[in-house]
**Q** 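Got a structure here, written out as structure tokens. Questions coming.
Note that ligands are numbered from 1 as they come in the structure, with each ligand's atoms numbered from 1 the same way. The figures that follow rest on heavy atoms only: side chains count, while hydrogens, waters and symmetry mates do not. For clarity, every value in this text was computed on a predicted model and none was experimentally measured.
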Amino acid sequence: MKIAINGAGIAGPALAYWLLEHGHEPVLIERAPAPRSGGYVIDFWGSGYDIAEKMGILPQLHQLGYNVGEVRFVDARGRKAGGFATEVFSRMTKGRFTSLQRSDLAATIYASIEGKVETLFGDGIASIEESPDHVRIGFEHAPPRDFDLVVGADGLHSRVRSLVFGEEAKFERFLGYNVAAFELTGYRPRDELAYVSHALAGRQVSRFSKRDDRTLFMLCWREREPAPIPGDDAGRRAALRREFAGMGWEVPAILAAMESVEDIYFDRVSQIEMPRWSKGRAALVGDAVACVSLLAGEGSGLAMAEAYVLAGEIARAGSDHAAALSRYEERMKPFLAAKQESARKFASSFVPETAFGVVFRNWMMRLMNIPPVADFFVGELSDDIDMPDYEAA
Ligand SMILES: Cc1cc2nc3c(=O)[nH]c(=O)nc-3n(C[C@H](O)[C@H](O)[C@H](O)COP(=O)(O)OP(=O)(O)OC[C@H]3O[C@@H](n4cnc5c(N)ncnc54)[C@H](O)[C@@H]3O)c2cc1C
């Protein structure tokens with residue numbers, strides 16, 4: 001089948017990889033003019049890690065990854081107020097864990113299909129018109145083309161989802177936070193392999209020292225209602241200056257340095273809950289269909305698992321795309337719903353709402369240095385789902 005995939009982030013290229021393995025003809029469409037570099041760092045484990053192993057890309061991912069050793073909370077003067085050694089994650093996943101730039105994961109997956117899959121960079125799906133035996137896709141730039149299926153792998157604010165299912169607000173569950181991330185070169189101080197954070201009631205600033213003298217900053221704050229995202233960097237900088245005014249530690253210096261940054265990630269922390277994962281010849285995958293949010297610490301891996309199952313079910317069902325899409329949904333939706341629920345449970349303690357809550361959280365995190373306590377809190381980090389072996393399909 002010819003399958004149009006909107007979005008070449010994590011889910012899109014992973015889906016293209018597996019469709020290609022099963023002998024289909026995917027076409028990727030990506031709004032950005034080229035694969036992006038830099039950006040925020042993700043933890044990578046679970047079912048996505050297993051899929052990466054099947055794809056043979058684990059050695060590259062570990063080479064690009066960071067063995068983060070410590071999560072450290074500091075007070076307004078930079079003194080350690082809490083934190084823990086992160087070996088617990090490695091222990092609870094039996095070493096099947098790494099942290100890497102989201103863009104490095106995306107680029108590694110894309111490299112595995114580059115030259116084998118047609119990709120339209122700098123374009124996007126603008127219209128979808130379904131008829132009994134195909135779907136006609138209109139693009140923002142390229143001339144219209146016919147496909148057998150169309151898949152939205154275009155993230156939290158999916159265009160395919162809006163075109164097929166209606167406006168985003170119907171499916172978005174806001175978790176009460178906004179998040180921004182950006183990076184700087186040459187920032188000092190550096191703390192290698194440590195995730196260092198300072199929080200006040202409802203606000204948290206974190207930094208992570210990356211290779212090549214770069215530092216990633218992640219700013220997270222509570223927001224009562226979902227607010228529109230400022231459309232440009234100037235608006236984003238102004239919002240961050242306002243939200244983080246008056247904080248201690250390195251925050252004034254970070255905000256001052258931010259003035260030179262031109263690519264600020266800024267979004268609501270939300271989940272996506274879809275009553276149906278497909279309609280006719282259109283399906284959704286990754287954040288577009290079941291965004292778990294950063295609070296799950298696993299969205300990328302889950303997006304890869306969904307892509308693997310979607311491609312596998314398409315392969316198994318032959319030309320019966322309706323059966324494939326409904327089996328994909330049956331298999332993955334309850335699993336994703338459980339992941340979303342546990343992320344929501346974590347939401348209240350992610351950035352505590354009160355000053356007391358921050359102090360309490362910092363103290364609690366010290367207990368995580370006691371291995372049995374850490375093991376108890378983190379629990380068995382494995383995904384409760386069996387990935388079918390579609391190669392045998
Ligand atoms: C701050 C932060 C921290 C996170 N931490 C973790 C973590 O620790 N572990 C983890 O596993 N996950 C984490 N995540 C979540 C993870 O990044 C996502 O779950 C994952 O990127 C989802 O992949 P995706 O391919 O579905 O969407 P995306 O990665 O968002 O990719 C969507 C792609 O579609 C493109 N696109 C968008 N709109 C259009 C359009 N109209 N036309 C064409 N193309 C379009 C975009 O340019 C992009 O390339 C975090 C997220 C955030 C924001």
Side-chain angles (χ1 to χ4, degrees), residues 4-16 28-36 39-49 51-52 61 65-66 68 89 97-107 109-110 119-128 137 139-142 150-163 168 175 177-182 195 204 206 208 216-220 229 264-272 284-307 310 336 339-340 343 350 383:
I5 305 169
N6 205 40
I10 308 292
L15 178 63
L28 278 168
I29 304 114
E30 167 57 46
R31 178 174 61 184
R36 301 184 69 176
Y40 57 85
V41 172
I42 60 164
D43 295 327
F44 189 65
W45 52 280
S47 49
Y49 190 100
I51 301 301
L61 298 184
Y66 294 89
V68 180
F89 297 119
F97 183 101
T98 189
S99 302
L100 79 168
Q101 294 188 129
R102 176 204 156 279
S103 57
D104 281 342
L105 174 61
I109 302 171
Y110 185 71
T119 307
L120 308 178
F121 281 109
D123 211 335
I125 291 182
S127 65
I128 298 173
I137 301 297
F139 296 95
E140 279 159 25
H141 302 293
V150 56
V151 180
D154 40 3
L156 176 59
H157 306 293
S158 168
R159 184 80 203 279
V160 170
R161 189 182 60 229
S162 318
L163 289 170
E168 183 166 302
L175 298 187
Y177 292 100
N178 278 358
V179 61
F182 57 87
Y195 207 78
Q204 181 160 290
S206 310
F208 180 71
L216 164 78
F217 297 90
M218 193 168 106
L219 289 73
C220 202
I229 303 153
I264 300 176
Y265 172 87
F266 191 119
D267 210 342
R268 298 184 287 275
V269 178
S270 293
Q271 295 182 332
I272 292 294
L284 300 171
V285 67
D287 276 5
V289 74
C291 178
V292 284
S293 87
L294 68 97
L295 300 178
E298 206 192 347
S300 301
L302 296 171
M304 290 174 72
E306 289 160 45
L310 176 55
L336 267 293
K339 289 284 173 189
Q340 290 183 319
F350 181 53
D383 283 339

**Q** Quick one: does Q271's side chain have a donor or acceptor within less than 3.5 Å of a partner on V292's backbone?
**A**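 Checked: pair present.
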
**Q** Counting heavy atoms only, which part of A181 comes closer than 4.0 Å to ligand 1: side chain, backbone, both or neither?
**A**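 No part of A181 comes within reach of ligand 1.
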
**Q** Is it the case that ligand 1 has an N or O less than 3.5 angstrom from some N or O of E30?
**A**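 Checking ligand 1 against E30, an N or O pair does fall under 3.5 Å apart.
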
**Q** I'd like to know if G301 contacts ligand 1, where contact means a heavy-atom distance under 4.0 Å to any ligand atom.
**A**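 So G301 counts as touching ligand 1.
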
**Q** Looking only at distances, please establish whether an N/O atom of ligand 1 is found under 3.5 Å from an N/O atom of I10.
**A**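 Yes; the residue has a nitrogen or oxygen that sits under 3.5 Å from a nitrogen or oxygen of the ligand.
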
**Q** Using ring centroids (six-membered ring only for Trp), state whether F121 and Y110 fall under 6.0 Å.
**A**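 Between Y110 and F121, the centre distance is under 6.0 Å.
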
**Q** A side-chain contact here means heavy atoms from C-beta on lying under 4.5 Å apart; do F208 and M218 qualify?
**A**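 F208 vs M218: side chains apart.
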
**Q** Is there a heavy atom in V160 that sits closer than 4.0 Å to ligand 1?
**A**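 Outside the 4.0 Å threshold, so no.
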
**Q** Is it the side chain (CB and beyond), the backbone, both or neither of N6 that lies under 4.0 Å from ligand 1, heavy atoms counted?
**A**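 Side chain only.
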
**Q** At under 4.0 Å between heavy atoms, which part of D123 makes contact with ligand 1: side chain, backbone, both or neither?
**A**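 Near ligand 1, D123 shows its backbone, while the atoms from C-beta on stay back.
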
**Q** Distance under 4.0 Å to a non-hydrogen atom of G286: what atoms of ligand 1 satisfy this?
**A**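 That gives atoms 26 (O) of ligand 1.
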
**Q** Can you confirm, on distance only, whether ligand 1 has an N/O atom lying under 3.5 Å from any N/O atom belonging to A11?
**A**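 So ligand 1 has an N or O lying under 3.5 Å from an N or O of A11.
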
**Q** Check the angle between the aromatic planes of W45 and F97 and answer parallel, tilted or perpendicular using the 30° and 60° thresholds.
**A**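 If you compare the ring of W45 with that of F97, the planes turn out parallel.
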
**Q** Given E306, R102, M218, R36, which one has a non-hydrogen atom that is nearest to atom 29 (O) of ligand 1?
**A**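 That would be R102.
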
**Q** Side chain or backbone, does G124 bring an N or O within less than 3.5 Å of an N or O on ligand 1?
**A**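 N/O-N/O distance below 3.5 Å does not exist for this pair.
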
**Q** Hey, is the main chain of I42 close enough, under 3.5 Å, to the side chain of R102 for a donor-acceptor pair?
**A**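 Checking the backbone N and O of I42 against the side chain of R102, no donor-acceptor pair under 3.5 Å is found.
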
**Q** Could you tell me whether the side chain of Q340 and the main chain of I272 form a donor-acceptor pair under 3.5 Å?
**A**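 Yes; at least one donor-acceptor contact below 3.5 Å.
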
**Q** Output yes when the distance from some N or O of ligand 1 to some N or O of E140 is under 3.5 Å, and no in every other case.
**A**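 No, no N or O pair falls under 3.5 Å.
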
**Q** Report, one line per pair, each donor and acceptor closer than 3.5 Å where one atom sits in a side chain of residues 4-11; sequence neighbours left out.
**A**
| residue | atom | partner | partner atom | Å |
| --- | --- | --- | --- | --- |
| N6 | OD1 | I125 | N | 3.2 |
| N6 | ND2 | D154 | OD2 | 2.8 |

**Q** Using a strict cut-off of 4.0 Å, indicate which atoms of ligand 1 neighbour a heavy atom of Y265.
**A**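 Every atom of ligand 1 under 4.0 Å from some heavy atom of Y265: 53 (C).
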
**Q** Not counting sequence neighbours, which residues clear ring-ring contact (aromatic ring centres under 6.0 Å, His included) with F182? List them please.
**A**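 Expected list: F217.
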
**Q** Against ligand 1, does F44 come closer than 4.0 Å with any heavy atom?
**A**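 In this structure, F44 fails to qualify as a contact of ligand 1 - no heavy atom is under 4.0 Å.
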
**Q** Using a 4.0 Å heavy-atom cut-off, say whether A153 meets ligand 1 through its side chain, its backbone, both or neither.
**A**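 Only the backbone of A153 comes within reach of ligand 1.
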
**Q** Look at the side chain of Q101 and the backbone N and O of S103, then say whether any donor-acceptor pair between them is shorter than 3.5 Å.
**A**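 Judged by distance alone, no pair lies under 3.5 Å.
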
**Q** When you measure from atom 10 (C) of ligand 1 to every protein heavy atom, which one gives the shortest distance, and what is it?
**A**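 The closest one turns out to be G299 N, 3.3 Å.
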
